[in-house]
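Below is one structure; the comments refer to it alone.
Quick caveat, the model's predicted, so the values are computed rather than measured. Per chain, numbering begins at 1; letters A, B, ... match sequence-line order.
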Amino acid sequence: MPARHLIIGGGTAGINAIRTLREEEREKSQITLVSAERPYSRMVLPYYLDKSIAEFHVFTATASVLAGWDVVTHLGRRAANLDVKANTCTLDDGTTIEYDDCLIATGSSPVRAPVPGTDGASVHSFWTLEQARGVIAQVKPGTHVVMVGAGFISFTILNSILALGARLTIVEIAPRILPRMVDDTGAGLVQQWLEKSGVTIRTGSAVTAVEDARGKKRLRFKSGGDVTGDVVIMATGIRTNLEWLKDSGITIKRGIVVDEQQRSNVPNVYAAGDVAEGKDVVTGESAVHAIEPTAQEHGRVAGANMAGKSVRYRGSLLANIVEVCHLDVASFGAWEDTKAHAITGLRKDRPAYRKLLFKGDRMTGAIILGPSSDIWTTNDVGMLKGLVQSGVSLGRWKAHLEKNPFDIKPAYIASRATGTLLPETVLGRPSKAPGDTPVAV
Amino acid sequence: MATLTALPTRVLKIHPTRCTGCLRCEIACSYQQTGEFQPAKSVIRVSPFEGHTSYAPYTCTQCAEGWCMTACPVGAITISAVGAKDVMDDKCVGCKLCTIACPYGTMFYDTATRKAFKCNLCGGEPACAEACPTAAITYEETATSDWLADFANERGLPLLNGGAR
């Protein structure tokens with residue numbers, strides 16, 4: 001009997017796992033996918049929102065792709081229970097699926113701040129395709145959009161809202177914007193830049209209620225001063241979808257604890273993406289990195305191991321980038337580490353900012369900010385990622401960076417980062433192009 | 001499909017000691033890639049060393065992992081017939097994930113088209129190699145490699161020692 005693989009979750013991690021399974025397996029297995037939604041990429045929803053792409057563009061594994069991979073699908077269904085002794089998964093419609101091994105890749109859901117009125121009309125989350133459709137239907141030229149939360153999610157759709165001709169106010173409970181992505185200096189530069197671009201920002205503002213006000217929405221704050229808008233978007237964080245596994249016997253800390261092969265404490269149950277707590281390549285400690293690149297790498301490593309290969313994951317690297325009004329903001333690795341030695345460079349008028357964090361002569365984290373029209377910024381973004389990922393010894397080049405924090409390239413080249421990185425692949429072999437996956441026969 | 005890997009692979013080999021810093025590669029590259037004679041739009045970048053007395057071009061190595069390709073959430077980066085990782089404009093949405101995935105700093109982003117772009121070996125006739133008057137860039141059947149580290153290390157010494165050596 002062919003091996004029976006069950007993939008729970010049709011996001012980046014799940015789809016990468018399926019593809020890798022088909023790439024790596026020696027004998028054709030049976031693959032079943034359970035997914036609450038048709039597989040699509042959340043990363044591209046902002047471009048659907050601003051109408052630069054059509055809706056069909058967001059779908060990753062379409063029905064015909066899944067059929068080509070010979071995947072049995074349960075779309076529109078959620079897993080409700082996992083019995084790791086019987087090796088069965090029960091869905092929300094009562095269907096029971098038997099498996100030989102399974103991958104949990106159920107991702108995250110948005111969380112709305114517990115504020116009265118946030119369940120009313122014209123109050124949205126922006127996370128799923130369905131929610132994106134809801135926002136698109138309501139945001140028109142001249143619409144005043146109030147976004148609650150100044151984190152990564154709201155910043156990914158900021159450009160789109162402005163591109164639609166809407167007016168934008170962002171309110172944030174923390175004393176500054178982007179608290180999980182950049183330091184105070186970086187946040188200050190971004191805030192000034194956005195204000196110059198016509199965005200109103202209120203930090204240190206805790207919303208206490210969202211009320212209806214003659215066809216508009218009025219937000220009340222602990223500190224007083226109402227804000228009235230047409231549409232409210234709640235971008236107040238995400239929570240991993242793990243409640244359904246509460247009594248399953250799977251070890252969960254911040255996420256499902258996985259080893260280097262993405263296995264949980266139950267050897268035939270794997271986890272990948274937002275729900276997995278795996279190794280951080282920089283710190284060596286376990287961490288949840290709820291970001292797209294980690295979901296992709298976790299999914300591929302899990303898929304290869306489920307196919308019978310022995311692939312060890314080097315660990316995930318925290319990496320974020322967002323462009324707001326033509327300003328690039330990115331951070332890597334342990335950028336928040338207060339114990340690390342930090343080198344900073346600031347050109348306020350440009351604006352441009354670099355923060356390079358070190359343990360000894362190795363770079364462990366970085367923040368980079370600069371106009372997206374600067375080729376230099378884009379190239380440095382990658383080189384900083386390479387320095388943090390490779391962990392190469394910078395030796396005397398650290399002193400060079402101390403004097404010239406904007407002159408990354410000679411230090412990068414001379415520290416042999418390229419030669420260190422070239423042999424590295426996630427699966428221990430060259431990657432295949434999308435579409436090169438053999439169609440199962 | 002798997003026949004692509006069986007083709008002999010040619011790569012851009014960089015010979016930094018031959019580079020004169022004339023920037024013809026950048027001009028040729030930008031024209032080939034974007035139709036403009038504009039070094040800022042070139043995906044091969046010449047860097048100065050030793051106070052602008054020596055130079056070296058730097059571009060994508062077409063690495064085995066293809067970090068840009070595996071990171072792309074919409075499968076917009078593929079492997080071309082000549083083995084180059086190539087951005088398909090009609091699929092790229094401009095999310096910049098490839099720019100934080102590529103650890104070599106060889107992804108580019110065009111603010112006008114809102115798309116990522118990179119070296120695609122000009123479909124097998126790289127304009128930079130053709131334009132280089134000193135053969136500092138050659139297109140050869142060889143394994144890709146770190147062509148610049150030794151050069152940068154030697155040339156970097158005066159930079160580090162404040163010109164003392």
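With a threshold of 4.5 angstrom between heavy atoms, A:Ile413 approaches chain B through its backbone and through its side chain. Residue contact with chain A, scored on non-hydrogen atoms closer than 4.5 Å, is absent for B:Trp147. Only the side chain of B:Met69 has a heavy atom closer than 4.5 Å to any heavy atom of chain A. For a residue to count as touching a neighbouring chain, one of its non-hydrogen atoms must lie under 4.5 Å from one of that chain's; by this rule A:Asn159 does not touch chain B. There is no contact between B:Asp86 and chain A, counting heavy-atom distances below 4.5 Å. Heavy-atom distances place the side chain of A:Ser52, and not its backbone, under 4.5 Å from chain B. With a threshold of 4.5 angstrom between heavy atoms, B:Val93 approaches chain A through its backbone and through its side chain. Of the two parts of A:Tyr40, neither the backbone nor the side chain holds a non-hydrogen atom closer than 4.5 Å to a non-hydrogen atom of chain B. If you measure heavy-atom distances from A:Arg42 to chain B, you find no contacts under 4.5 Å at all.
Here B:Glu65 does not pair with A:Lys432 in a salt bridge; the nearest charged N to carboxylate O distance is not below 4.0 Å.
With chain B as the partner, the residue from A:Pro293, A:Ser41, A:Ala417 showing the most heavy-atom pairs under 4.5 Å is A:Ser41. Between chain B and the residues A:Ile408, A:Leu317, A:Asp328, the largest count of heavy-atom pairs under 4.5 Å involves A:Asp328. Contact tally against chain B (heavy-atom pairs below 4.5 Å) for A:Asp374, A:Thr378, A:Asn16: the top residue is A:Thr378. Chain B forms more heavy-atom pairs under 4.5 Å with one residue of A:Leu387, A:Ile368, A:Asn379 than with any other, namely A:Asn379. For the set A:Gly386, A:Ser390, A:Ala411, the entry with the most heavy-atom pairs within less than 4.5 Å of chain B is A:Gly386.
Inspection of non-hydrogen atoms places A:His57, A:Thr60 of residues 55-62 of chain A under 4.5 Å from chain B. Using non-hydrogen atoms only and a strict 4.5 Å limit, the part of residues 40-48 of chain B facing chain A consists of B:Ala40, B:Arg45, B:Ser47. Chain A is approached within less than 4.5 Å, heavy atom to heavy atom, by B:Thr99, B:Ile100, B:Ala101, B:Cys102, B:Pro103, B:Tyr104, B:Gly105 from residues 98-105 of chain B, ordered by number. Among residues 418-425 of chain A, the residues having any heavy atom closer than 4.5 Å to a heavy atom of chain B are, in sequence order, A:Thr418, A:Gly419, A:Leu421, A:Leu422, A:Glu424, A:Thr425.
The local environment of OH in B:Tyr31 is sparse, with at most 12 non-hydrogen atoms from other residues, nucleotides or ligands closer than 6.0 Å.
Taking each heavy atom of A:Gln296 and B:Ala71 in turn, the nearest pair found is NE2-CA, 3.7 Å. A:Pro410 and B:Phe49 get closest at one heavy-atom pair: CB-CE2, 4.4 Å.
The NZ atom of B:Lys85 sits 7.5 Å away from the OG atom of A:Ser431 when rounded to the nearest 0.5 Å. Interatomic distance, B:Leu97 CG to A:Glu292 CD, rounded to the nearest 0.5 Å: 5.5 Å. Residue B:Asp90 holds its CG atom at 12.0 Å from CD1 of A:Ile53, rounded to the nearest 0.5 Å.
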Chi angles and distances behind the side-chain contact (heavy atoms from CB on, under 4.5 Å) call for B:Asp150, A:Arg416: CA-CA 8 Å; B:Asp150 289 337; A:Arg416 302 179 189 282; 2.7 Å; yes
B:Thr70 and A:Glu297: CA distance, side-chain angles, deciding distance, side-chain contact (heavy atoms from CB on, under 4.5 Å) verdict: CA-CA 8 Å; B:Thr70 54; A:Glu297 293 181 359; 5.9 Å; no
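A:Val426 is listed as a side-chain neighbour of B:Trp67, based on a closest heavy-atom distance under 4.5 Å.
For the residue pair B:Asn153 / A:Arg396, a side-chain donor-acceptor distance below 3.5 Å is found, with atom types taken as modelled.
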